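Below: one structure in structure tokens.
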Amino acid sequence: MNQAEKINLLLQKHTAQFASVVNFDATEEKVISLDFTSKNLELSAEIINDIDLFCEYIIQKLAQKNAKYGIGGYMEHRTVYARSQHFDAKDEPRRLHLGVDIWAKALTPVYAFMDATIHSFAFNNHYGDYGATIILEHQLEEEIFYSLYGHLSLKNLAGLTKGQEIKKGFQFCDFGIPEENGHWPPHLHFQLMTDMENYEGDYPGVGKLSEMAQWFAKIPDANLLLNELV
């Protein structure tokens, strides 16, 4: 059993103990799945390369279903990353999405699902990158793992310190606007990692499709913490 599988089992075991990552009332509110693969023929190059059109596309998809959130993306092979050279490589472009995206309005609050300390944070200010980013460190039973929150508001980084305690249920960040979130429509990139591998304030959120098996061994399934949404 690899480390990601161990964390997945622990998350399933303790699922009743976790707080919600975002506010959602399943009795009154709706969520829809959003597809960013080549199967989605609506999502043209014109849309994904124009931030205003891309934002409007997300707004319209949510409005059509009267949904509060759009969600999806764990280990999804996405053509949308062709919009940024940030994901290009000589041998193989990165197109495999490693986290779960939650799409909603800018300034949507984000909460700690369990007690944590701040591992690191950074403003990854490249076109298509995370923008404002916070990484938390957690311990569940004897296992250490990490959660990454990307595409945040830049103000969320003010006053943070490494090792700072974050209590379960505390709102510590929110969804950023395109100018602060890597030039994406407002959303949260939520990802789990078993090892930070010396990264600080950053960790790959998109990998190579040919390396999927390696990523599955290192990236637990963040959907396990979003039970009310998925």
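Throughout, numbering of the chain's residues begins at 1 and tracks the sequence. Keep in mind that this is a model prediction, so the values were computed, not measured.
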Worksheet item: So, does Gln139 use its side chain to make a donor-acceptor pair with the main chain of Glu141 at under 3.5 Å?
Response: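 Yes; at least one donor-acceptor contact below 3.5 Å.
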
Item to complete: Flag yes if more than 12 heavy atoms outside Glu142 fall under 6.0 Å of its CD atom; otherwise flag no.
Response: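 Check fails, neighbour count at 12 or below.
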
Worksheet item: Within a strict 4.5 Å, meaning less than it, do heavy atoms of the His187 and Thr108 side chains meet?
Response: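 Side chain of His187 against side chain of Thr108, heavy atoms only: no contact under 4.5 Å found.
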
Discussion item. Restricting to non-hydrogen atoms, name the atom on Asp195 and the atom on Tyr203 that form the minimum distance, rounded to 0.1 Å.
Written reply: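 For Asp195 and Tyr203, the tightest heavy-atom pair comes out as O-CE1, 3.4 Å.
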
Discussion item. Between Asp101 and Arg78, does any side-chain N to carboxylate O distance fall below 4.0 Å?
Written reply: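 Salt bridge: yes.
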
Item to complete: Test side-chain hydrogen bond (donor to acceptor under 3.5 Å, both in side chains) on Ser147 and Gln191 and set out the steps.
Response: CA-CA 6 Å; Ser147 57; Gln191 180 175 316; over 6 Å; no

Worksheet entry | Residue pair Leu136 / Thr117, side-chain heavy-atom distance below 4.5 Å |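 Side-chain contact under 4.5 Å: no.
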
Item to complete: Evaluate the side-chain contact (heavy atoms from CB on, under 4.5 Å) criterion for residues Leu154 and Phe123: first the C-alpha distance (whole Å), next the side-chain angles of each, then the deciding distance (0.1 Å), finally the verdict.
Response: CA-CA 7 Å; Leu154 187 56; Phe123 185 34; 3.6 Å; yes

Worksheet item: Which pair of non-hydrogen atoms, one from Ala222 and one from Val100, has the smallest distance, and what is that distance?
Response: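 Smallest heavy-atom distance, with atoms named: CB-CG2, 3.8 Å.
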
Worksheet item: If you measure only the distance, is there a donor-acceptor pair under 3.5 Å linking the side chains of Glu228 and Ser20?
Response: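 Yes, a side-chain donor-acceptor pair sits under 3.5 Å.
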
Practice prompt. Supply the atom-to-atom distance Ile219 CD1 to Leu98 CG, rounded to the nearest 0.5 angstrom.
Written response: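 That separation rounds to 5.5 Å.
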
Fill in: SG-CD1 distance between Cys55 and Ile47, expressed to the nearest 0.5 angstrom
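Output value for this atom pair is 12.0 Å.
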
Worksheet item: Hey, quick one: are Met75 and Leu229 part of the same hydrophobic cluster, counting side-chain heavy atoms closer than 4.5 Å, chains of contacts allowed?
Response: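 Result: yes, single cluster for both.
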
Worksheet entry | Asp115 side chain to Lys168 backbone, donor-acceptor under 3.5 Å |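 Yes, Asp115 side chain to Lys168 backbone: donor-acceptor pair under 3.5 Å.
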
Discussion item. I'd like to check Tyr146 versus Leu148 (side-chain heavy atoms, cut-off strictly below 4.5 Å). Are they in contact?
Written reply: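 No, side chains not in contact.
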
Discussion item. Atom CD of residue position Glu46 - does it have more than 12 heavy atoms of other residues, nucleotides or ligands inside 6.0 Å?
Written reply: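 Atom CD in Glu46 is not crowded, with 12 or fewer foreign heavy atoms closer than 6.0 Å.
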
Discussion item. Are Ile59 and Leu188 linked, directly or through intermediate hydrophobic residues, by side-chain heavy-atom contacts shorter than 4.5 Å (ILVMFWY only)?
Written reply: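 In one cluster: no.
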
Worksheet item: Is there side-chain contact between Phe190 and Leu226, with heavy atoms separated by less than 4.5 Å?
Response: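 Phe190 reaches Leu226 side chain to side chain.
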
Discussion item. Tell me whether the rings of Tyr57 and Phe54 are parallel (<30°), tilted (30 to 60°) or perpendicular (>60°).
Written reply: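 Geometry flag for Phe54 against Tyr57: tilted rings.
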
Worksheet item: His138 and Glu143: side-chain donor and acceptor closer than 3.5 Å?
Response: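 Checked: His138/Glu143 side chains show no N/O donor-acceptor pair below 3.5 Å.
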
Item to complete: Could you walk me through whether Gln60 and Glu56 pass the side-chain hydrogen bond (donor to acceptor under 3.5 Å, both in side chains) test, one step at a time?
Response: CA-CA 6 Å; Gln60 289 183 356; Glu56 184 60 27; 3.2 Å; yes

Worksheet item: Does a donor on one side chain sit under 3.5 Å from an acceptor on the other, for His189 and His97?
Response: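 The criterion, which ignores hydrogens and geometry beyond distance, is satisfied for His97 and His189.
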
Fill in: Whether Asp129 side chain and Gly131 backbone form a donor-acceptor pair below 3.5 Å
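Looks like no, no N/O pair under 3.5 Å.
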
Discussion item. Return the CG to CD distance between Leu11 and Gln17, rounded to the nearest 0.5 Å.
Written reply: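 Rounded to the nearest 0.5 Å, the CG-CD separation comes to 11.0 Å.
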
Fill in: Side-chain donor or acceptor of Asn40 paired with backbone N/O of Asp35 under 3.5 Å
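It does hold such a pair.
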
Item to complete: Kindly give the heavy-atom pair with the smallest separation between Ala106 and Ile177, and that separation in Å.
Response: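 Result for this residue pair: CB-CG2, 3.9 Å.
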
Practice prompt. Kindly indicate whether the side chain of Val31, heavy atoms from C-beta on, has any atom under 4.5 Å from the side chain of Phe24.
Written response: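 A side-chain contact under 4.5 Å exists here.
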
Item to complete: For Cys173 and Tyr149, work out which heavy atoms get closest and say how close.
Response: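 Here Cys173 and Tyr149 meet closest at SG-CB, 4.4 Å.
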
Discussion item. For the OH atom of Tyr69 and the CD1 atom of Ile71, what is their distance to the nearest 0.5 Å?
Written reply: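 Spacing of OH (Tyr69) from CD1 (Ile71) equals 9.5 Å.
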
Discussion item. A side-chain contact here means heavy atoms from C-beta on lying under 4.5 Å apart; do Val21 and Tyr111 qualify?
Written reply: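 Of all side-chain heavy-atom pairs linking Tyr111 with Val21, none is under 4.5 Å.
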
Discussion item. Once rounded to the nearest 0.5 Å, what's the spacing between atom NZ of Lys13 and atom CG of Asn8?
Written reply: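 Those atoms lie 14.5 Å apart.
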
Practice prompt. Would you check if Leu225 and Phe18 make a side-chain contact, meaning some heavy-atom pair closer than 4.5 Å?
Written response: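 A side-chain contact under 4.5 Å exists here.
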
Worksheet item: Is the shortest side-chain N to carboxylate O distance from Lys218 to Glu197 below 4.0 Å?
Response: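 Yes, this pair counts.
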
Worksheet item: If every non-hydrogen atom of Phe175 is compared with every non-hydrogen atom of Pro186, which pair is closest and at what distance?
Response: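 Nearest heavy atoms, Phe175 then Pro186: CD2-C, 4.2 Å.
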
Worksheet item: Under the salt bridge (charged side-chain N to carboxylate O under 4.0 Å, His left out) criterion, do Glu180 and Lys155 qualify, and how do the steps go?
Response: CA-CA 9 Å; Glu180 299 176 352; Lys155 63 181 174 62; over 6 Å; no

Fill in: Donor + acceptor pair across side chains of Asp202, Thr133 (<3.5 Å)
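Judged by distance alone, the side chains do not pair up.
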
Worksheet item: Would a distance-only check, ignoring hydrogens and angles, find a side-chain to backbone donor-acceptor pair under 3.5 Å from Glu5 to Asn2?
Response: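 A pair under 3.5 Å: yes.
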
Discussion item. Quick check for you: to the nearest 0.5 Å, what is the distance between Leu160 atom CG and Ile118 atom CD1?
Written reply: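 Interatomic distance, Leu160 CG to Ile118 CD1, rounded to 0.5 Å: 4.0 Å.
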
Item to complete: List the atom of Leu107, the atom of Ser153, and the distance in Å for their closest heavy-atom pair.
Response: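 Scanning both residues, the minimum pair turns out to be CD2-OG, 3.6 Å.
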
Practice prompt. Answer whether the closest heavy-atom distance between the side chains of Leu140 and His14 falls below 4.5 Å.
Written response: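 Sidechains of His14 and Leu140: in contact.
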
Discussion item. Quick test of your reading of the model: are Lys68 and Asp25 salt-bridged, counting only N-O distances below 4.0 Å?
Written reply: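 So Lys68 does not pair with Asp25 through a salt bridge.
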
Discussion item. Taking Gly128's backbone N and O only, do any of them form a donor-acceptor pair with Trp184's side chain (distance below 3.5 Å, no angle check)?
Written reply: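 Checked: pair present.
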
Worksheet item: Hey, which of Leu192, Asn223, Leu224 is the one that makes side-chain contact (heavy atoms from CB on, under 4.5 Å) with Tyr74?
Response: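 Result for side-chain contact (heavy atoms from CB on, under 4.5 Å) with Tyr74: Asn223.
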
